[in-house]
J.: 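The structure's right below; bear with me while I get my questions together.
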Amino acid sequence: MLSNKNKPYHIDVCMGDVGEYCILPGDPARCEKIAAYLDDPYFLHSNREYTIWCGYLGGKKITVCSTGIGGPSTAIAVEELADLGAHTMIRVGTCGGIATHVKAGDLVIASGAVRQDGTSHEYAPPEFPAVPSTDVLFALVKSAKELSLPYHTGVVQSKDSFYGQHSPARMPIASALESKWEAWKRLGVLASEMEASTLFTVGAARGLRTGAVFLSVWNQERYAAGLDGGKDEVHDTDSAIRTALRAIAELIAAE
């Protein structure tokens with residue numbers, strides 16, 4: 001929805017300002033870092049949690065726009081970027097491992113997301129799966145392989161409450177949270193994060209191509225099991241950024 005200034009209400013930039021390909025980190029502070037990988041990067045605008053940088057890759061304008069944390073603000077970014085002509089959006093972020101073979105520093109490329117959020121349910125009934133676009137998913141996997149990076153492909157959990165995951169026992173609905181967490185473990189869910197299910201579902205509703213690649217910061221299940229490296233933490237998102245950019249280059253080349 002464009003305002004009477006012919007700008008989306010929240011990200012507050014004009015038609016032509018953003019590219020058709022977008023990288024979506026959560027943290028506004030990561031936008032400049034990601035844009036530095038592009039040719040001729042420049043700051044475009046910042047409003048609320050939405051910081052926007054642009055640059056060029058393969059002759060195409062690429063936009064980096066932060067979404068803030070969680071589904072509601074992510075949906076706004078996706079909607080308003082789509083209104084401005086963006087058609088391909090890749091989330092580059094962090095996650096916490098669930099499956100014990102996911103180590104700190106590994107990449108997780110989402111082939112689907114558990115819709116344990118609220119926002120996606122404003123777009124689609126619960127039976128609808130939150131999945132990325134196949135060509136974006138395949139491009140991300142190919143990129144991680146070509147870069148020789150450790151990666152895993154599978155389902156992630158998208159939740160609305162960070163502390164509902166990390167401090168479930170003190171919540172009034174502790175039993176429900178803990179039983180669902182055990183279900184995700186038994187179903188082979190790889191990791192937990194907070195935006196993918198919204199991105200995939202809103203993307204489906206808007207006819208967009210979407211994907212997501214995450215750096216595993218830490219794995220609480222490896223820690224709880226006393227496995228080697230269970231205490232390790234990794235925060236450098238360079239591998240996820242490079243994977244996403246290589247995937248975008250692949251998608252541009254295939255146009």
J.: Got a sec, which hydrophobics cluster with Ile98, joining ILVMFWY side chains under 4.5 Å apart, including via others?
T.: Val114, Val155, Trp181, Trp184, Leu187, Val189
J.: Measure across Tyr123 and Ala205 and return the closest heavy-atom pair with its distance rounded to 0.1 Å.
T.: CD2-CB, 3.9 Å
J.: Do any N or O atoms from the side chain of Arg30 and from the backbone of Pro25 form a donor-acceptor pair under 3.5 angstrom?
T.: no
J.: Lys231: what forms a salt bridge (charged side-chain N to carboxylate O under 4.0 Å, His left out) with it, not counting sequence neighbours?
T.: none
J.: Kindly give the heavy-atom pair with the smallest separation between Val102 and Ser216, and that separation in Å.
T.: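 Result for this residue pair: CG1-OG, 3.7 Å.
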J.: Kindly compute the distance separating NZ (Lys145) from CG (Leu140), expressed to the nearest 0.5 Å.
T.: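 Interatomic distance, Lys145 NZ to Leu140 CG, rounded to 0.5 Å: 12.5 Å.
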J.: Might you work through the side-chain contact (heavy atoms from CB on, under 4.5 Å) test for Val64 and Leu38, ending with a clear yes or no?
T.: CA-CA 10 Å; Val64 184; Leu38 301 171; 4.3 Å; yes
J.: First locate atom CG of Leu251, then atom CG of Leu57, and finally report the distance between them rounded to the nearest 0.5 Å.
T.: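 Between Leu251 CG and Leu57 CG, I get 10.5 Å after rounding to 0.5 Å.
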J.: Taking atom types as modelled, find out whether Gln157 and Ser192 have a side-chain donor-acceptor pair closer than 3.5 angstrom.
T.: yes
J.: Evaluate the side-chain proximity of Gln116 to Asp160: yes if any heavy-atom separation is below 4.5 Å, no if none is.
T.: no
J.: Using the ring pair (Phe, Tyr, Trp, His ring centres under 6.0 Å) criterion, which residues pair with Phe43? Sequence neighbours excluded.
T.: Trp53
J.: Is it possible for you to say whether Ile69 and Trp218 belong to one hydrophobic cluster, with membership spreading through side-chain heavy-atom contacts below 4.5 Å?
T.: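 They do not share one cluster, since no chain of ILVMFWY contacts under 4.5 Å joins Ile69 to Trp218.
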J.: Provide the closest heavy-atom pair for Ser143 versus Ala247 in the form atom of the first, atom of the second, distance.
T.: OG-N, 3.0 Å
J.: Any donor and acceptor pair, going by atom type alone, linking the side chain of Arg115 with main-chain N or O of Glu127 inside 3.5 Å?
T.: no
J.: Would you say Asn219's side chain and Lys103's backbone share a donor-acceptor pair under 3.5 angstrom?
T.: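 Here the side-chain-to-backbone pair does not exist.
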J.: Grab the two heavy atoms, one from Cys65 and one from Ile11, that are nearest each other, plus how far apart they are.
T.: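 Nearest heavy atoms, Cys65 then Ile11: SG-CG2, 4.5 Å.
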J.: Would you name the heavy atoms of Thr94 and Phe214 that are closest together and state the gap between them?
T.: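 Here Thr94 and Phe214 meet closest at O-CD2, 3.8 Å.
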J.: Give a yes or no on whether the backbone of Thr198 and the side-chain of Ser120 come within a donor-acceptor separation of less than 3.5 Å.
T.: no
J.: Check for me, please, whether Leu149 and Val156 land in the same ILVMFWY cluster - side-chain distances under 4.5 Å, paths through other members count.
T.: no
J.: Quick one: ring pair (Phe, Tyr, Trp, His ring centres under 6.0 Å) partners of Tyr56, sequence neighbours excluded?
T.: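 Here no residue qualifies.
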J.: Could you measure the distance from the CG atom of Leu190 to the SG atom of Cys95? Nearest 0.5 Å is fine.
T.: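 It comes to 8.5 Å.
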J.: Mind checking whether Leu215 and Asp236 have side chains closer than 4.5 Å, heavy atoms only?
T.: no
J.: Is there a donor in the side chain of Glu195 and an acceptor in the side chain of Thr74, or the other way round, less than 3.5 Å apart?
T.: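 Side chains of Glu195 and Thr74: no pair found under 3.5 Å.
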J.: Under a plain distance cut-off of 3.5 Å, with no hydrogens placed, do Thr88 and Arg209 share a side-chain donor-acceptor pair?
T.: yes
J.: Please confirm whether the backbone N or O of Asp228 pairs with a side-chain atom of Arg222, one donor and one acceptor, at under 3.5 Å?
T.: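 Yes, because the side chain of Arg222 sits within donor-acceptor range (under 3.5 Å) of the backbone of Asp228.
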J.: Kindly indicate whether the side chain of Thr63, heavy atoms from C-beta on, has any atom under 4.5 Å from the side chain of Leu44.
T.: no
J.: State, to 0.1 Å, how close Phe200 and Val131 come at their nearest heavy-atom pair, and which atoms those are.
T.: CB-O, 3.5 Å
J.: Examine Ile173 and Tyr163 and state if one hydrophobic cluster contains both, with Ile, Leu, Val, Met, Phe, Trp and Tyr joined whenever side-chain heavy atoms are less than 4.5 Å apart.
T.: yes
J.: Just by modelled atom types, is the Thr67 backbone N or O under 3.5 Å from a matching donor or acceptor in the Ser73 side chain?
T.: yes
J.: Could you give the distance from CG (Leu24) to CD1 (Ile34), rounded to the nearest 0.5 Å?
T.: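 It comes to 9.0 Å.
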J.: Is atom CZ of Phe138 surrounded by more than 12 heavy atoms (other residues, nucleotides or ligands) closer than 6.0 Å?
T.: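 No - once you tally the heavy atoms of other residues, nucleotides and ligands closer than 6.0 Å, there are 12 at most.
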J.: If you measure from CD1 on Ile76 to OH on Tyr9, what distance do you get to the nearest 0.5 Å?
T.: 10.0 Å
J.: So do Val136 and Thr210 actually touch side chain to side chain, heavy atoms under 4.5 Å?
T.: no
J.: Just by modelled atom types, is the Thr51 backbone N or O under 3.5 Å from a matching donor or acceptor in the Ser66 side chain?
T.: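 Yes, the answer is positive, given that a donor and an acceptor are paired below the 3.5 Å cut-off.
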J.: Applying side-chain contact (heavy atoms from CB on, under 4.5 Å), run through Ile62 and Ile252 and close with a yes or a no.
T.: CA-CA 11 Å; Ile62 310 298; Ile252 292 171; 4.2 Å; yes
J.: Between CG of Leu208 and CG of Leu199, what distance do you get to the nearest 0.5 Å?
T.: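 Between atom CG of Leu208 and atom CG of Leu199 there are 8.5 Å.
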J.: Given the rule that I, L, V, M, F, W and Y join up when any side-chain heavy atoms are under 4.5 Å apart, are Val234 and Tyr151 in one cluster?
T.: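 No.
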J.: A quick test of your reading: do over 12 heavy atoms of other residues, nucleotides or ligands sit less than 6.0 Å from NZ of Lys61?
T.: yes
J.: Side chains of Ile90 and Ile248: closer than 4.5 Å at any heavy-atom pair?
T.: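 Yes, close enough: below the 4.5 Å cut-off.
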J.: Applying side-chain hydrogen bond (donor to acceptor under 3.5 Å, both in side chains), name anything that partners Glu32, two or more places apart in sequence or on another chain.
T.: none
J.: Considering only residues two or more places apart or on different chains, which pairs with a residue in residues 240-255 satisfy side chain to side chain donor-acceptor pair (under 3.5 Å)?
T.: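 Only Tyr21-Glu255, Lys60-Glu255, Lys142-Glu250, Glu146-Arg246, Asp238-Arg242 qualify under side chain to side chain donor-acceptor pair (under 3.5 Å).
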J.: Can you tell if the side chain of Tyr50 reaches within under 4.5 Å of the side chain of Asp12, non-hydrogen atoms only?
T.: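 No; the side chains remain at least 4.5 Å from each other.
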J.: Please step through side-chain contact (heavy atoms from CB on, under 4.5 Å) for the pair Met89 and Val78, ending with a clear verdict.
T.: CA-CA 8 Å; Met89 302 184 194; Val78 173; 3.9 Å; yes
J.: Under 3.5 Å, is there a donor-acceptor pair between the His10 and Asn47 side chains?
T.: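 No, Asn47 and His10 have no side-chain donor paired with an acceptor closer than 3.5 Å.
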J.: Count I, L, V, M, F, W, Y as connected when their side-chain heavy atoms are under 4.5 Å apart, and connections chain through other members. Are Val217 and Val108 then in the same cluster?
T.: no
J.: Just so I know, are the side chains of Ser111 and Leu137 near enough to count as touching, which here means a heavy-atom distance under 4.5 Å?
T.: yes
J.: Can you find a pair of side-chain heavy atoms, one from Lys7 and one from Met15, that are under 4.5 Å apart?
T.: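 Result no, sub-4.5 Å side-chain heavy-atom pair not found.
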J.: Yes or no on side-chain contact (heavy atoms from CB on, under 4.5 Å) for Lys33 and Thr237, after CA distance, side-chain angles and deciding distance?
T.: CA-CA 10 Å; Lys33 176 183 177 180; Thr237 55; 3.5 Å; yes
J.: Quiz question: by atom type and distance under 3.5 Å, do the side chains of Glu193 and Ser158 form a donor-acceptor pair?
T.: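 Their side chains do contain a donor-acceptor pair, which is all the 3.5 Å distance test asks for.
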J.: Any luck finding a side-chain donor-acceptor pair between Lys159 and Gln165 under 3.5 Å?
T.: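 A pair is found: one side chain offers a donor N or O, the other an acceptor, under 3.5 Å apart.
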